[in-house]
Every structure is written in structure tokens, then in C-alpha cells.
Protein chains: 2
Amino acid sequence: MSAAEPSSTEQEIFEAALVAFAQHGRTGARMQQIADAAGINKSMLHYYFRTKADLYEAVFAHTMERFMASFDHEALHEANTFAELLRRFIDGYVAFCQSHTHAMRLLVSENLRGGPLLGQHLQQMADAGTDTPPRLFRDAIETAIETGEIRPVDPDHTLLTIIASCIFPFVARPTVERMHPPAGSDWAAFVEMRKEQIFDVVYHGLQPDSVSSSSSPA
Amino acid sequence: MSAAEPSSTEQEIFEAALVAFAQHGRTGARMQQIADAAGINKSMLHYYFRTKADLYEAVFAHTMERFMASFDHEALHEANTFAELLRRFIDGYVAFCQSHTHAMRLLVSENLRGGPLLGQHLQQMADAGTDTPPRLFRDAIETAIETGEIRPVDPDHTLLTIIASCIFPFVARPTVERMHPPAGSDWAAFVEMRKEQIFDVVYHGLQPDSVSSSSSPA
DNA sequence: CGATGGGTTAACCGCTTGGTTACACCATAT
DNA sequence: ATATGGTGTAACCAAGCGGTTAACCCATCG
């Protein structure tokens with residue numbers, strides 16, 4: 001089922017389309033502008049992807065796959081303590097947002113639209129029996145609660161809080177850069193800082209109440 | 001300074017345009033569709049707001065004002081303890097997101113575009129000497145750190161985490177509803193739950209380490 | 001009464017848009 | 001050399017777009 005390695009131009013189109021759709025949305029993006037960004041003739045867009053809708057769906061589907069895969073990378077399975085798992089989850093997730101910023105923005109854009117494609121993809125994934133990706137980490141929260149490693153909290157909400165904290169800065173980057181000067185001057189450093197700060201607050205926020213804590217994270 | 005009370009139809013246009021721009025972005029929204037949603041003739045759009053760009057800027061400016069004002073409501077000033085302030089800030093902010101969901105989405109959409117208008121507005125606000133709105137709460141975090149009421153954390157990152165946790169569910173609502181069933185069946189209840197859960201994690205996350213509190217400067 | 005002027009409408013205009021067509025290029029296979 | 005088929009381009013087209021026009025309605029007022 002794996003797609004054959006796409007041609008160079010097809011790849012260029014993909015990248016250009018991703019950026020355009022992420023910035024201006026499905027209807028707002030212009031085929032001509034995508035063609036220009038890809039350095040090709042407009043007709044080539046229709047040669048590789050028949051219509052604008054097809055192109056959007058192709059880009060979206062690919063984005064969705066990468067997004068899903070991002071939740072289940074090897075590093076997570078190697079974690080021993082929950083603290084370590086949390087650390088790796090946040091680090092990995094923020095890193096993913098950084099290296100796939102446009103992809104994340106496309107997903108947000110689709111959400112703003114009402115997310116019809118989103119529901120479609122999640123549905124067919126559910127039908128295929130594939131579990132919702134963050135399940136691994138979500139379950140880890142539940143077990144950590146059972147073992148008393150962390151406070152009893154709502155796993156879903158906690159997960160949502162973490163994901164929101166990781167994604168949001170990349171989605172609202174212009175605002176963040178304006179309101180938080182350090183982010184504007186050195187984004188990469190800000191992102192690294194962010195990983196630690198999210199972990200810091202969430203980790204402490206999950207510590208059992210009165211009882212002491214175990215070891216400090218790696 | 002205060003604008004005169006707009007006519008009924010002008011209000012209708014505003015609402016319709018807000019929704020359309022939030023959903024499809026500045027370029028994606030269609031004037032005809034806005035007119036239809038407002039229940040008026042397309043020409044009226046150009047009668048009240050000369051061009052599409054004008055309409056967008058008007059809606060955006062108004063949204064921006066409401067957004068800024070949301071950070072400084074009375075309830076915040078009445079808080080005695082930091083915990084109380086935090087509680088009120090989160091409650092108020094989530095409530096605002098709920099009652100002005102489309103406004104929040106418009107801001108996100110503008111951010112996805114690169115946020116030129118955003119920078120413009122923030123800039124002219126800075127020129128006017130008005131402080132960046134969340135400053136009040138941000139400063140409260142700093143003082144709470146100094147008094148040892150909470151752990152020494154980066155105020156900006158903490159604020160960002162809180163804001164992200166509040167806003168994100170409304171921006172990515174379709175995804176959230178799919179991945180977290182309770183949200184899909186009863187959104188209002190989910191939102192109330194969310195207020196508490198955000199406070200819960202953040203508040204515990206800011207608690208001083210079990211041992212005493214030594215005031216360490218930032 | 002008729003004139004004024006804000007609110008409203010249908011019809012229209014020119015440009016932009018997504019999409020198509022016909023044709024040119026150029027490797028490779030016959 | 002010459003078909004062939006994937007790759008690329010310029011020119012074109014109909015529909016959709018933002019925006020304009022001219023007339024209409026109707027309250028207010030001289």
C-alpha cells in the first residue's frame with residue numbers, strides 16, 4: 001500500500017501546496033500561487049493532481065498520516081518512568097511541531113473549516129481498527145495514576161493540555177513573537193526553552209499531593 | 001472614542017462576516033456568502049464597508065478590541081490570593097472563548113496568514129502606551145513568585161501554557177470532539193470540566209516544592 | 001405636494017479563478 | 001528514423017469573483 005517515491009516536481013508541488021493551504025486555507029489558496037512557489041507551470045498541477053480538491057485532499061491525507069505517526073515514535077517505548085515518558089512525549093511533540101509547522105497549521109486550518117476531512121479520516125481509521133494515536137500516552141497516564149506515580153487527574157484533559165501547550169505557539173507564532181520578545185529574536189532557543197517549561201509545569205502539576213516525589217527527571 | 005451604535009443590518013453583516021472569515025480566512029471567505037448569511041443583498045456589503053479588505057479589517061479590529069478587553073475584567077481585581085486570581089483568569093478566559101469562539105478563530109486564522117494586521121494593531125497599541133493586556137496577570141505571577149506563593153517559573157511560558165490550554169480546544173474543536181467523546185456529546189459540560197482541569201494542573205504545577213520557599217530572583 | 005437622502009435592490013462589468021486544450025520537447029524502444 | 005509516452009508549456013475558456021451602476025422605495029421635511 002505504500003506509495004511509490006514521488007517525482008521531484010510532484011514533491012515540489014506538495015511542499016508548495018502545503019504551505020499555501022496552511023496559510024490561506026483550502027479555498028483561499030490559489031493554484032497559480034502554488035505553481036509559482038513550486039517553480040512550475042500551472043498546468044502541471046492538474047497533470048499530477050486533477051483538481052484543486054484532489055490536491056488538497058492528497059496534501060491533507062499525507063499530513064494526517066505524518067501527524068498520526070508522530071504520536072508513536074520509538075523513544076516513547078524506551079521510557080521507564082512516567083517522568084521520562086512525559087519528557088520524551090513533550091520533546092518529541094514539540095520537535096515535530098517545529099519540523100512540520102506547516103503541517104500542523106494545515107490541520108488547524110482544516111479544523112477552522114469545521115474539519116469534514118478530519119472526521120472522515122479519523123472515522124476510516126477507526127473502522128480499520130487502528131487506535132487513536134495518543135492512546136499510548138493516554139494509557140500511560142492512567143497506569144501512572146493507578147500506581148500512584150502521579151495524582152488522579154482526567155487523562156484526556158491532561159493530554160489535551162499538553163498537546164495544546166505544544167502546538168499553540170507554532171500556530172499563533174506571530175502573536176507569540178510580538179508578546180514575548182525572546183521568541184521573536186531567537187525562535188529556536190525559545191522552542192527549546194518551551195519544551196522544558198511545559199514539562200516543568202505539567203510534571204509538577206501531576207505530582208501526588210502531600211506525599212513525596214521519587215527521583216528527578218533525566 | 002466609542003463608536004456609535006451600529007444599525008441592525010450592519011450588525012448582521014458583522015456577525016456573518018466574522019463567521020465567514022473565521023472559517024475560510026480572509027481570502028477564502030466569499031462576499032456573496034456573507035451577504036446570504038446576513039440575509040441581505042450583496043451590494044449592502046459595499047454600501048457599509050466599501051471593499052472586502054475594509055470589511056475584514058473592520059471585523060478584525062473589533063475582534064482585537066474584544067480580545068484585549070477580555071484580559072482585564074473586574075473579577076480579576078477582586079482576587080485576594082494567587083490561587084483565586086488564577087481560577088478567575090482561567091474561568092474568565094475559557095468563558096470568553098466559549099462566547100466568542102468565532103472571534104478567537106478569526107485571530108488564529110490571521111495568525112496562520114502571518115498576522116500582518118496583528119502586528120499592526122499591537123504596534124499601534126504599543127505606541128499609544130497601552131500595555132500588552134495579559135500584563136496584569138503576568139505581573140501577578142511574578143509577585144506570587146517573589147512572595148513564595150508559587151514556584152519560580154518563567155512567567156511568560158506559564159502564561160502561554162495557560163492561554164494555549166484555554167484557547168486550543170475551541171480552535172481544534174472538531175478534532176477534540178472526535179478524540180474525546182464526552183466533548184462531542186455535551187460541549188458545554190466539557191467546557192466547564194475544562195476550566196477546572198486546567199486550573200487543577202496549572203495550580204498544582206505552580207505549587208512550591210514540598211520544602212520551604214526561598215525567594216529566588218528570576 | 002415635491003424634494004431630499006439614507007437604505008435597498010437587480011442588473012451588470014471586468015478581472016481572476018480553476019480547469020482544458022493543443023502543441024512542443026525528449027528520452028527510450030522498436 | 002520514428003513511434004511512443006511521460007513531461008512540460010502557452011493559449012484559451014467558462015464560471016465565479018469583487019465591485020459598480022442606476023434605479024427604486026419610503027420616511028422626513030420644506
Side-chain angles (χ1 to χ4, degrees), chain A residues 2-63 102 106 109-110 112-114 116-117, chain B residues 3-63 106 109-110 112-114 116-117:
Chain A
S2 62
E5 159 180 343
S7 75
S8 164
T9 56
E10 186 169 349
Q11 193 64 28
E12 301 262 18
I13 294 176
F14 232 88
E15 299 286 334
L18 173 61
V19 175
F21 283 131
Q23 274 187 352
H24 307 289
R26 185 189 131 124
T27 56
R30 303 287 125 135
M31 296 294 268
Q32 184 63 61
Q33 148 194 343
I34 294 174
D36 292 348
I40 57 161
N41 188 286
K42 184 164 69 86
S43 293
M44 294 314 296
L45 295 186
H46 297 95
Y47 177 73
Y48 284 100
F49 310 88
R50 208 146 315 198
T51 69
K52 188 184 186 183
D54 285 354
L55 176 56
Y56 182 80
E57 280 182 36
V59 171
F60 179 81
H62 187 240
T63 297
H102 294 297
L106 177 66
S109 175
E110 175 68 15
L112 291 180
R113 276 209 318 143
L117 286 186
Chain B
E5 159 180 341
S7 74
S8 163
T9 55
E10 187 169 348
Q11 194 64 28
E12 300 263 17
I13 294 175
F14 233 88
E15 298 286 334
L18 173 61
V19 175
F21 283 131
Q23 274 186 352
H24 307 289
R26 186 187 132 123
T27 55
R30 302 289 126 132
M31 295 296 267
Q32 184 62 60
Q33 150 194 342
I34 294 175
D36 292 348
I40 57 162
N41 188 286
K42 183 164 70 84
S43 293
M44 295 311 294
L45 296 186
H46 300 285
Y47 178 73
Y48 284 101
F49 310 87
R50 209 148 312 193
T51 69
K52 188 186 186 182
D54 285 353
L55 176 57
Y56 182 80
E57 282 183 34
V59 171
F60 179 79
H62 186 240
T63 296
L106 177 66
S109 175
E110 176 68 15
L112 291 179
R113 275 209 319 144
L117 287 186

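Note that these values count all heavy atoms, side chains included, but never hydrogens, waters or copies made by symmetry. In what follows, chains are A, B, ... by sequence order, proteins preceding strands, each numbered from 1. Predicted, not measured: the structure shown is a model, and the values here were computed from it.
- Annotation: side chain to side chain contact (heavy atoms under 4.5 Å, CB included) contacts of T63(B) (sequence neighbours excluded): L18(B), V59(B), A103(B), L106(B), L107(B).
- Put simply, CE on M44(B) and CD on E12(B) are 12.0 Å apart, with the number rounded to the nearest 0.5 Å.
- Listed by residue number, the members of residues 53-63 of chain A with any heavy atom below 4.0 angstrom from DNA chain C form an empty set.
- Residues satisfying the side-chain hydrogen bond (donor to acceptor under 3.5 Å, both in side chains) test with R30(B), not counting sequence neighbours, are none.
- Scored by the side-chain hydrogen bond (donor to acceptor under 3.5 Å, both in side chains) test, Q32(B) finds D36(B) as partners (sequence neighbours excluded).
- Shown here are the side chain to side chain contact (heavy atoms under 4.5 Å, CB included) partners of E57(B), two or more places apart in sequence or in another chain: L117(B).
- For the atom pair OG1 of T27(B) and NZ of K52(B), the computed distance is 6.5 Å after rounding to the nearest 0.5 Å.
- With sequence neighbours left out, S43(A) forms a side chain to side chain contact (heavy atoms under 4.5 Å, CB included) with N41(A).
- Summarising the geometry of S109(A) relative to G25(A), their closest heavy-atom pair is OG-CA, 3.5 Å, with the distance given to 0.1 Å.
- For the side-chain hydrogen bond (donor to acceptor under 3.5 Å, both in side chains) test, residues two or more places apart in sequence or in another chain that qualify with T9(B) are S7(B), Y48(B).
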Practice prompt. Apply the test side-chain contact (heavy atoms from CB on, under 4.5 Å) to residues H46(B) and M31(B): give CA-CA distance (whole Å), side-chain angles for both, the deciding distance (0.1 Å), then the verdict.
Written response: CA-CA 9 Å; H46(B) 300 285; M31(B) 295 296 267; 3.7 Å; yes
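- For the contact set between residues 10-38 of chain B and DNA chain C, defined by any heavy atom under 4.0 Å, there are no members.
- Residues from residues 42-52 of chain B that place a heavy atom under 4.0 Å from any atom of DNA chain D, listed by number: K42(B), S43(B), H46(B), T51(B), K52(B).
- Chain B approaches DNA chain D over the interval dC17(D) to dT21(D), counting the first and last nucleotide 5' to 3' with an atom under 4.0 Å from its heavy atoms.
- A53(A) approaches R26(A) most closely through the heavy-atom pair CB-NH2, 4.3 Å.
- The ring pair (Phe, Tyr, Trp, His ring centres under 6.0 Å) contacts involving residues 19-40 of chain B comprise F21(B)-Y56(B), where partners must be two or more places apart or lie in separate chains.
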